[in-house]
Participant: 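Could you have a look at this structure, given as structure tokens, before my questions?
Computation of the quantities below employed the complete heavy-atom set of this structure, encompassing side-chain atoms and omitting hydrogens, waters and symmetry-equivalent molecules. Note on naming: letters A, B, ... go to the chains in the order of the sequence lines (proteins, then strands), and numbering restarts at 1 for each one.
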Amino acid sequence: MLDIQKIREQTDWVKRGIQNKNISVDIDNILKLDRVRRDVIAEVENLKHDRNVISMEVGTHKKNNQDASDLIQKTREIGQTIKELDERQRDVESELQDLLMQIPNTPHDSVPVGLDPLENPVVKEWGSRFNPGYKLKTHLELGESLGLFDFTRGTKIAGPGFPLYTGNGARLERALINFMLDFHIDKHGYTEVLPPVLSNVKTMTTTGQLPKFEEDMYKISQDDLYLIPTAEVPVTNIHQGEIVQEQILPIQYCAYSSCFRREAGSYGKDTRGFLRLHQFNKVELVKFVHPDTSYDELEKLRRDAEEILEALGLEYRVIELVTGDLSFAAAKCYDLELWAPAENRWLEVSSCSNYEDFQARRGAIRYKSSADNKVRLLHTLNGSGVATPRLLVTILETYQQEDGSVLLPEILAPYMGSAGLHLK
RNA sequence: GGAGAGGUGGCAGAGUCUGGUUGAAUGCACUGCACUCGAAAUGCAGCAUACCCUAUGGGUAUCGGGGGUUCGAAUCCCUCCCUCUCCGCCA
């Protein structure tokens, strides 16, 4: 949610930012409603003041055994008007609130302006192209011949997009998750958390999934809960409604969770294999930081995710999203993409975003400044560190041998145990 | 699922029966000042949040959420939510 005061004071800047995100919102209407709201508040508060003063007089009169019926009559009348205005105020405020919840975050000034994702600048490239002489197999061919997963049976159990990992595939999946968690905990100083995979309406609203994107999620209507699309949701809400001490910032959590996405509207796109799923595994990084340092923290966060890819020896590149490609809640975002040699294309495995105070305002996540003892909104960031499906795809494709076996990166050795690194 | 207890400021904890200058005692934590070579201890002072306005000041609201009674509600009534204890069930 944007600060209504900011909308008031920097109207043009806000309008331009939202326009650059390619979203149309009637800011003028919001300002008009805000004006009405403030007028009503001023009026009703004056009346309440009058009532309070007279009520207090009633109290003194009664204490002195004096008649107060005139005063009581007067406040009764005022009370009636107050009741009407209170109602008016409530209506106006809820209407304004609804509108504000629909407004996306504004892009940071450093974000390149553009509407087409094809304009996303590549800001970094790492690694070298895997290009052996022999014909490359896709991850699907490799997975099938090595018995790593079974899409047919996954579909039987739940439906398409719900993968069943089998044998060494299941083990590799678990190995990747554990490797990434350990890496972030030990090398980058994150605190591990293991959150619920269901979240309530309030939680979903903080991070921006609700009210706008309900149809993207699986809902448990019986209990008004939603399956989380990412651990970002429950983890960001760990400090929802809290005031944390400034000294403990930045707080950084990493979390493994299954993620559930309906992917409504993307049918037909990337339906094969692991490229787009309804359920997948992800290690997520979430940071709560001081507003002054959030952009430095974003660079660090991105670096933390990159190091996972480097440790696995995978070719990747980093793109910066143009304004029009930014998600609803993000002010700035980098995507990390892996090169899948057999797919012959880049696959997104991580998004690292700074939400500034957008989520913090929705979730009332604040810190107490040690300088002036004031309570202020902090900034929230998160990034995938990283999602497994496309990681698995690129690992299989990048480490495949000519004979159709896969020789996994050395760093996974402790995690693959007796299965070994050579999947034949 | 059954029975009971309870939700008050950053935390702990009074006040609720008997409605009225109670935004809320007290303690802790925190901030400033004094004392000190410095620190601890001690003393003094300050210290909730949000919003509104004719804005170095004034006002309104907030004691789990919502509604009601009343001139006036932390305090009385209704309702919802949550937490805890005991019993039952259970991975």
Participant: Check the distance between G64(B)'s P and Lys202(A)'s NZ and give it to me in whole angstrom.
Facilitator: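 Those two atoms, NZ and P, are 18 Å apart.
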Participant: What is the distance from CD of Gln80(A) to P of C71(B), rounded to the nearest Å?
Facilitator: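 In whole Å, C71(B) P lies 12 Å from Gln80(A) CD.
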Participant: Starting at atom CG of Asn46(A), determine the distance to atom P of U54(B), rounded to an integer number of angstrom.
Facilitator: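 Atom-to-atom, Asn46(A) to U54(B), this comes out as 11 Å.
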Participant: Counting Watson-Crick and G-U wobble pairs only, both distances under 3.5 Å, name the nucleotide matched with A29(B), or none.
Facilitator: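 Looking at the geometry, A29(B) pairs with no nucleotide.
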Participant: Go through the side-chain N and O atoms of Tyr355(A) and Asn105(A) and say whether any donor and acceptor fall under 3.5 Å apart.
Facilitator: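 Not at all, the side chains of Tyr355(A) and Asn105(A) share no donor-acceptor pair under 3.5 Å.
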Participant: Does a donor on one side chain sit under 3.5 Å from an acceptor on the other, for Thr166(A) and Asp150(A)?
Facilitator: no
Participant: To the nearest Å, give me how far apart CG (Leu85(A)) and C1' (A61(B)) are.
Facilitator: 15 Å
Participant: Round to a whole Å and report the spacing from CD1 of Ile243(A) to C1' of C30(B).
Facilitator: 13 Å
Participant: State the pairing partner of U42(B); accept Watson-Crick or G-U wobble contacts with both distances under 3.5 Å, and report none otherwise.
Facilitator: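 Its partner is A34(B).
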Participant: Base, sugar-phosphate, or nothing for Lys62(A), non-hydrogen atoms under 4.0 angstrom?
Facilitator: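 Result for Lys62(A) = base.
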Participant: Just how far is it from atom CG of Asp304(A) to atom NE2 of His188(A), taken to the nearest 0.5 Å?
Facilitator: 4.0 Å
Participant: Can you work out whether Ile41(A) or Glu45(A) has the more 5'-proximal nearest nucleotide on RNA chain B?
Facilitator: Ile41(A)
Participant: For the pair made of CZ in Arg37(A) and P in C53(B), what is the distance, rounded to whole Å?
Facilitator: 8 Å
Participant: So what's U85(B) paired with, Watson-Crick or G-U wobble, going by both distances under 3.5 Å?
Facilitator: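 Because both required distances fall under 3.5 Å, U85(B) counts as paired with A3(B).
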Participant: Given that Arg76(A) and Ala42(A) both sit by RNA chain B, which one's nearest nucleotide is further toward the 5' end?
Facilitator: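 The residue whose closest nucleotide sits nearer the 5' end is Ala42(A).
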Participant: Under a 3.5 Å threshold, yes or no: a donor from one side chain and an acceptor from the other, between Glu284(A) and Tyr256(A)?
Facilitator: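 There is no such pair between these side chains.
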Participant: Any base atoms under 4.0 Å from Arg8(A), or only sugar-phosphate, or nothing? Heavy atoms, all strands.
Facilitator: sugar-phosphate
